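Report on one structure; see the data block that follows.
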There are 2 protein chains.
Amino acid sequence: MKRKPSTEAAAAWIRLMRVQSRVLDGVEQDLKRAGFPPLAWYDALMELSRSPNGELRPVELEKQMLIPQYSTSRLIDRLVDEGLAIRRECKMDKRGLFVEITPTGRELHKKMGNAYAVAIEKHVGSKLTDADAAKLCGLLDRLGCACHDTPAVSAPVAKDVAPAR
Amino acid sequence: MKRKPSTEAAAAWIRLMRVQSRVLDGVEQDLKRAGFPPLAWYDALMELSRSPNGELRPVELEKQMLIPQYSTSRLIDRLVDEGLAIRRECKMDKRGLFVEITPTGRELHKKMGNAYAVAIEKHVGSKLTDADAAKLCGLLDRLGCACHDTPAVSAPVAKDVAPAR
DNA sequence: AGCCACTTGATGCATCTGCATCAATCTTGA
DNA sequence: TCAAGATTGATGCAGATGCATCAAGTGGCT
């Protein structure tokens with residue numbers, strides 16, 4: 001039997017879209033105003049900095065961040081241009097390469113992390129009790145295709161603000 | 001006193017970003033595969049079609065859709081190019097104009113509406129009970145800056161799938 | 001070894017976005 | 001009535017994104 005389209009679901013959909021866009025906007029604007037680059041850069045620096053040697057294959061980065069391949073490639077371009085990372089040769093697989101975070105990159109990652117945490121607190125934390133936030137997580141997780149997800153658990157660890165999108 | 005950055009909030013933030021992006025992607029891909037234009041077009045057609053004479057000032061459309069002015073202007077360009085709407089003169093205010101939905105526009109709106117409803121049911125409705133969806137709405141609303149929002153209540157009315165973003 | 005299919009990463013191109021700015025018009029207030 | 005300021009909508013430009021495709025390299029199979 002078919003479910004009839006639920007009004008509740010539609011309402012949830014709308015809010016999910018609207019609220020996410022507002023919150024994201026708020027956070028990104030805060031960071032931008034503080035002179036920081038886009039969030040995607042932070043996510044990338046985060047993945048790099050927490051990987052064993054501060055280096056990852058683009059293909060790994062891509063999987064962690066859930067963004068398309070060409071997008072990763074260009075993101076790396078920008079990080080490299082800004083001296084936040086470098087491309088290094090990959091001996092085991094001459095097709096590939098390693099992207100390694102530089103000290104400058106680590107520094108920026110740290111500074112952004114602080115600003116990011118503040119922004120999240122302002123736009124999310126301050127509006128929900130911990131219990132509500134947890135409930136929200138539970139509900140959202142159910143929409144998350146069950147499936148997937150950052151193989152290396154991306155559950156934000158304490159001070160580690162964590163990757164978005 | 002300062003709140004210390006909550007881990008729950010950070011977790012909620014991540015999920016909000018990740019899940020939204022996945023769900024949106026799912027829905028948009030479904031529509032695209034079915035040969036439909038982007039969701040923004042639907043939202044615009046929706047606003048037009050439910051306004052008194054099927055026409056709106058760009059500035060109104062912009063407020064309803066919560067997108068920047070230049071974005072509205074270009075969205076209208078595309079709708080007009082495709083014959084889904086026309087620009088009409090506005091006698092009361094010669095700076096402005098009216099955008100009016102065409103029959104073709106209404107037709108597309110209707111067809112997209114059906115596909116859209118199916119997609120939402122698939123990506124949201126089928127994963128949540130009505131009660132959970134309602135709970136989710138409640139929690140998300142709390143993040144929604146309280147403030148704002150579609151002046152003309154955008155609460156999706158029954159069959160009316162409603163605007164996103 | 002030699003061939004074929006797949007993976008990896010980059011890139012050309014069209015489109016889309018954000019930002020700043022513009023011209024035209026309206027409104028206010030002296 | 002007229003100038004100053006605000007509002008409306010369009011647009012040039014730089015940068016970002018999506019898509020398709022490419023070259024280089026790998027690995028498996030015969």
Side-chain angles (χ1 to χ4, degrees), chain A residues 21-22 24-33 35-44 47-48 55-82 85-100 164-165, chain B residues 17 21-22 24-33 35-44 47-48 55-82 85-100 165:
Chain A
S21 127
R22 277 181 166 291
L24 173 57
D25 223 69
V27 171
E28 285 229 270
Q29 290 304 321
D30 281 3
L31 290 203
K32 177 183 283 194
R33 255 178 273 119
F36 289 114
L39 275 180
W41 292 33
Y42 177 80
D43 294 349
E47 296 301 339
L48 292 177
E55 64 184 12
L56 279 176
R57 299 283 299 269
V59 71
E60 296 304 325
L61 194 53
E62 173 190 333
K63 276 180 219 140
Q64 300 287 331
M65 298 185 56
L66 306 170
I67 58 180
Q69 181 273 318
Y70 57 81
S71 194
T72 313
S73 183
R74 282 168 173 148
L75 177 53
I76 294 171
D77 280 348
R78 288 166 215 145
L79 296 181
V80 170
D81 283 352
E82 297 296 324
I86 55 173
R87 282 189 233 248
R88 297 193 329 108
E89 184 193 14
C90 171
K91 320 233 174 198
M92 320 90 88
D93 185 343
K94 304 276 277 307
R95 286 169 306 185
L97 45 80
F98 280 111
V99 180
E100 184 185 347
R165 286 178 304 187
Chain B
M17 297 302 123
S21 127
R22 277 181 165 291
L24 173 58
D25 223 70
V27 170
E28 284 228 271
Q29 290 305 320
D30 281 3
L31 291 203
K32 177 182 283 194
R33 255 178 272 119
F36 290 113
L39 275 178
W41 292 32
Y42 177 79
D43 293 348
E47 295 300 340
L48 292 177
E55 64 184 14
L56 279 176
R57 299 282 300 266
V59 71
E60 296 304 324
L61 194 52
E62 174 190 332
K63 276 180 219 141
Q64 301 287 330
M65 298 184 56
L66 306 170
I67 57 179
Q69 183 272 319
Y70 57 80
S71 194
T72 313
S73 182
R74 283 168 172 147
L75 176 52
I76 294 170
D77 280 349
R78 289 165 214 147
L79 295 181
V80 170
D81 283 352
E82 298 295 324
I86 54 173
R87 282 189 233 249
R88 297 192 330 109
E89 183 194 15
C90 171
K91 321 236 174 197
M92 321 90 85
D93 185 342
K94 304 276 278 302
R95 285 171 306 186
L97 46 78
F98 280 110
V99 180
E100 184 183 346
R165 285 180 302 189

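In what follows, chains carry the letters A, B, and so on, assigned in the order in which the sequence lines appear, proteins first and then strands, with residues in each chain numbered from 1. The shown structure was predicted, so the numbers you read here are calculated from the model rather than taken from an experiment.
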Note to self: Quick check on dT7(D): is either OP1 or OP2 less than 4.0 Å from any side-chain nitrogen or oxygen of K94(B)?
What the structure shows: no

Margin query: Using heavy-atom distances to pick each residue's nearest nucleotide on DNA chain C, tell me which of R74(A) and D93(A) is more 5'.
Written below: D93(A)

Check: Is there a side-chain polar atom (N or O) of K32(A) under 4.0 Å from OP1 or OP2 of dC19(C)?
Finding: yes

Check: Which nucleotide, dG9(D), dT11(C), dG18(C), lies nearest any side-chain atom of Y70(A)?
Finding: dT11(C)

Notebook entry, point to check: Got a donor-acceptor pair under 3.5 Å from the side chain of R95(B) to the base of dT7(D)?
Noted result: yes

Notebook entry, point to check: Any side-chain N or O of R87(B) under 4.0 Å from OP1/OP2 of dA10(D)?
Noted result: yes

Check: Is there side-chain contact between I76(A) and R87(A), with at least one heavy-atom pair below 4.5 Å?
Finding: yes

Note to self: Without decimals, in angstroms, what is the distance between E60(B) CD and dT8(D) C1'?
What the structure shows: 12 Å

Margin query: Between C1' on dA10(D) and CD1 on I76(B), what's the gap in Å once rounded to a whole number?
Written below: 11 Å

Margin query: List the residues meeting salt bridge (Lys or Arg N to Asp or Glu O under 4.0 Å) with D25(B), not counting sequence neighbours, and say none if there are none.
Written below: none

Item checked: First of G96(A) and P68(A) reached from the 5' end of DNA chain D, by closest nucleotide -> P68(A)

Margin query: Salt bridge or not between D81(B) and R78(B)? Use side-chain N to carboxylate O under 4.0 Å.
Written below: no

Notebook entry, point to check: Heavy atoms under 4.0 Å, any strand shown: does L97(B) hit a base, just sugar-phosphate, or nothing?
Noted result: sugar-phosphate

Check: Between E28(B) (CD) and dT17(D) (P), how many Å, whole number?
Finding: 15 Å

Checklist line | Nearest-nucleotide pick for V59(B), side chain only, options being dC16(C), dA10(C), dG9(D) | finding: dG9(D)

Check: Hey, does the side chain of R57(A) come within less than 4.0 Å of dT7(C)'s phosphate (OP1/OP2), counting only N and O?
Finding: no

Notebook entry, point to check: Closest nucleotide of DNA chain C for Q29(A) versus for D77(A): which of these residues is on the 5' side?
Noted result: D77(A)

Checklist line | Any donor-acceptor pair under 3.5 Å from R57(B) side chain to V99(B) backbone | finding: no

